[in-house]
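Whatever order the structure lists them in is the order used to number ligands and atoms, beginning at 1.
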Amino acid sequence: MEHNDFVISEEQMAYQSSCIERARELLLGRTGGRTPRAWVDTYGCQQNESDSEKIRGMLAQIGCDLIPGPDQADVIVINTCAIREHAEQRILGNIGALVHGKTANPKQIIAVCGCMVQQPGRSEQIKKSFRHVDLVFGTHMLWRFPELLERVLSDKRRVFSIEDSEGFLCEGIQPVRSSKIKAWIPVMYGCNNFCTYCIVPYVRGRERSRAAEDIVNEVRSLVAQGYKDFTLLGQNVNSYGRDLGGGTDFADLLKMIDSLEGDFLIRFMTSHPKDATDKLFDTMASCEKVAKHIHLPFQSGNDRVLRAMNRGYTAEEYLQKALYAQKTVPGLVMTSDVIVGFPGETESEFEDTLELVGAVGFHAMFMFIYSPREGTPAAKLDDPFTREEKVKRFDRLTALQNEISLRKHEEYIGTVQRVLIDGTAQRGEYNLTSRTNGGRLVHFRGPESLIGEFAYAKVTQAASWALFGELE
Ligand code: 5AD
Ligand code: SF4
């Protein structure tokens, strides 16, 4: 598909606006004139968080008050994830439990959307097993949520709308953001990599990038509103712009945002190692506002497993990139994702993962036990290893990483860090939470009026998951 084929036209968006008006009338009719209340629940990654902010935006336009839980809700939207089986089980359990609220309030509308329902068969399963669900819509239908909700309200029947598509691009939806300090900024959607274990390319369509101008304008306007921390989102941000054909790559986009006026930080995730170029690291080093942090999932430290995963790099190539990044960007924080127990992964192949973890020295790592996803190539592979063996390996990896994280965090003791204070959390004597430039969590004591401000914290203690300190 050409880039323009993804773009939703103004006429289509105008039709959605008319659906918003009709849905508002119909919902008000249902509540007897009381302002309707809506709850959106989100599972999974930051991309899903960002999609939910758009769903909240559409619900707000429809006239709903957004509330923090299902009780009292006239409309419930469950935005689902499909990355691992455990996530799906939990979601299905929670959707099942909504039946009680619906029995008490039969006028309530329950919608389920996102990656889980985009998989073949899931929508039918929900249709059959969860009679209390009124609306199911797939990832490619997000922009049509007003139309689908209006159809449920006007026809008074259940609606199931899943379309197999390569995706869409749409600038017209105003999100209601959950923070006044930090903002998610999608820069591209979809994934073309087809790592053999991963469901994402099947449920999120092909890679498509937003125009750089739209992204820069969005950040500029949020800076003016006081936002201080931006995370540029994409399944693989390093292939940003390839579909635009205008010669702007991700590093160029970082430079464009960096040159905006204001005191703020630019973060991004996720980077695919095969597409992380020297130019990216050179740009990170030279751009003042780009956080010195890279999330660079390596998934495995063994070349046979990496090939079987279709990752497109060797362990040595990954290590060389990591070393170049650490040399080029002083003080760089590196984090990663790793999968334990890919089908057929042997003990010695797993030990290659331990070795790479030791050689790079990540500040933090997200570790997952392989979960077969129907429809992906890896799900068809033989797997002679038991769950118990995988859990043992997982525990060994966790112990090693905890040690490394602690060591990395101890290096901060005695230093003064510029942090962005982002919230409260009572942890012993500490009441405020904050993040360093590299994204490390720092707890300290201070007035809540500082939330949303940059400050300096002297680090006095470290744990494997966080730092502790005092306000300078
Ligand atoms: N099983 C386990 N972990 C997975 N991930 C993606 N697919 C699977 C799967 N089938 C992990 C990868 C990815 C992260 C977001 O989730 O490590 O980087
Ligand atoms: Fe999944 Fe690989 Fe795409 Fe990441 S890059 S979303 S792991 S297919």
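Looking at heavy atoms from C-beta onward, Val360 lies in side-chain contact with Met334 at the 4.5 angstrom threshold. At a threshold of 4.5 Å between non-hydrogen side-chain atoms, the residues Tyr313 and His272 count as touching. Using a 4.5 Å heavy-atom threshold, the side chains of Ile257 and Phe230 count as separate.
Contact between Arg204 and ligand 2 is absent, with no heavy atom of the residue lying under 4.0 Å from the ligand.
In summary, the atoms of ligand 1 found under 4.0 Å from a heavy atom of Arg373, numbered by their order in the structure, are 10 (N). The contact set between ligand 2 and Tyr197, taken as ligand atoms under 4.0 Å from a residue heavy atom, comprises 7 (S). Distances below 4.0 Å separate heavy atoms of Tyr370 from the following atoms of ligand 1: 1 (N), 2 (C). Ligand 1 places these atoms under 4.0 Å from at least one heavy atom of Gln299: 12 (C), 13 (C), 17 (O), 18 (O). Taking every non-hydrogen atom of His272 and a distance limit under 4.0 Å, the qualifying atoms of ligand 2 come out as 5 (S). Atoms of ligand 2 lying under 4.0 Å from any heavy atom of Pro201, numbered from 1 in the order shown and given with element: 8 (S).
Of the protein's non-hydrogen atoms, the one nearest atom 15 (C) of ligand 1 is Asp337 OD2, 3.7 Å. Protein heavy atom in closest approach to atom 4 (Fe) of ligand 2: Gln235 O, 4.4 Å. Considering only non-hydrogen protein atoms, atom 10 (N) of ligand 1 sits nearest to Ser371 O, 2.8 Å. Protein heavy atom closest to atom 11 (C) of ligand 1, with residue, atom name and distance, is Arg84 NH1, 3.3 Å. Remark: minimum distance from atom 5 (S) of ligand 2 to any protein heavy atom is reached at Asn193 ND2, 3.4 Å.
Proximity of Pro297 to ligand 2, defined as any heavy-atom pair under 4.0 Å, is not found for any part of the residue. With a heavy-atom cut-off of 4.0 Å, Tyr197 touches ligand 1 through backbone and side chain alike. Residue Ile369 touches ligand 1 through its backbone alone, judged by heavy-atom distances below 4.0 Å. Here Val200 has side-chain heavy atoms under 4.0 Å from ligand 2, and that is the only part of it that gets that close.
With a cut-off of 2.8 Å, atom 1 (Fe) of ligand 2 has an N, O or S atom of Cys198 in range. Coordination check, Cys191 versus atom 3 (Fe) of ligand 2: passed, since an N/O/S atom of the residue sits under 2.8 Å. At least one N/O/S atom of Cys195, whether from backbone or side chain, sits less than 2.8 Å from atom 2 (Fe) of ligand 2.
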May I have the list of side-chain donor-acceptor pairs in residues 376-385 shorter than 3.5 Å, sequence neighbours left out?
| residue | atom | partner | partner atom | Å |
| --- | --- | --- | --- | --- |
| Thr376 | OG1 | Arg373 | O | 2.6 |
| Asp383 | OD1 | Gly344 | N | 3.3 |
| Asp383 | OD2 | Lys390 | NZ | 2.5 |

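A cation-pi arrangement is present between Lys127 and Phe160 under the rule of less than 6.0 angstrom and at most 45 degrees off the ring axis. Because its NZ or CZ atom is both nearer than 6.0 Å to the ring centre of Phe368 and within 45° of the ring axis, Arg84 counts as a cation-pi partner of that residue.
A salt bridge links Arg393 with Glu347; the closest basic N to acidic carboxylate O contact falls under 4.0 Å. A salt bridge links Asp249 and Lys279; the closest N-O separation between the charged side-chain nitrogens and carboxylate oxygens is under 4.0 Å.
Inspection of the Ser50 and Glu53 side chains reveals no N or O donor paired with an N or O acceptor under 3.5 Å.
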Q: Could you please spell out the steps behind the ring pair (Phe, Tyr, Trp, His ring centres under 6.0 Å) verdict for Tyr430 and Phe444?
A: CA-CA 5 Å; Tyr430 308 105; Phe444 56 87; 8.4 Å; no

Q: Assess whether ring pair (Phe, Tyr, Trp, His ring centres under 6.0 Å) is satisfied between Phe298 and Tyr318, documenting all intermediate values.
A: CA-CA 7 Å; Phe298 69 95; Tyr318 183 93; 5.7 Å; yes

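Counting only distance, with no hydrogens or angles, the side chain of Gln46 and the backbone of Trp184 share no donor-acceptor pair below 3.5 Å.
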